[in-house]
Amino acid sequence: MVSESFIISDVCKTYEMVGGSGQLTYSGFCPHCGSQITRRSERMGDRIYVHASSLDDPGKYSPEKSIYSASAQHWDASAIIKER
C-alpha cells in the first residue's frame with residue numbers, strides 16, 4: 001500500500017528496530033489489545049504493509065505477495081503464493 005493514501009483512524013503505538021537490511025523498521029500496534037497492524041521501513045519508505053488480521057473484512061482482499069514463503073510450514077496454504 002502506498003503510504004500517502006493510507007490513514008489509520010486511531011493512534012498506533014510504534015516500535016522501532018533495525019531490520020535485516022540494517023535500516024530502521026517500524027511496527028504499528030493497537031494501543032488497546034497490542035495486535036500488530038502495520039509495518040514500514042526506511043528501505044521502502046513509500047510502502048506500508050497492513051496485516052490482514054487487522055482489517056474489518058480481510059476476505060475482501062487477495063494477497064499479491066507472500067513474504068518468507070520459503071520458510072512456511074507445509075500446512076500453510078497461503079505459501080502457494082510465491083514471492084515475486
(request) Check whether any side-chain heavy atom of V18 sits under 4.5 Å from a side-chain heavy atom of T25, and report yes or no. (result) no
(request) Determine the minimum heavy-atom distance between P58 and A52, stating which atoms define it. (result) CB-O, 3.4 Å
(request) Enter the distance from Q23:CD to R43:CZ here, rounded to the nearest 0.5 Å. (result) 7.5 Å
(request) For the residue pair Q36 and Y49, establish whether any side-chain heavy-atom pair is separated by less than 4.5 Å. (result) no
(request) Could you tell me the separation between the NE2 atom of H51 and the OG atom of S27, rounded to the nearest 0.5 Å? (result) 6.5 Å
(message) Whether R40 engages the ring of Y26 as a cation-pi pair (distance to the six-membered ring centre under 6.0 angstrom, angle to the ring normal within 45°) should be assessed.
(response) yes
(message) Is it true that, when you exclude D56 itself, more than 12 heavy atoms of the residues, nucleotides or ligands shown sit nearer than 6.0 Å to its CG?
(response) no
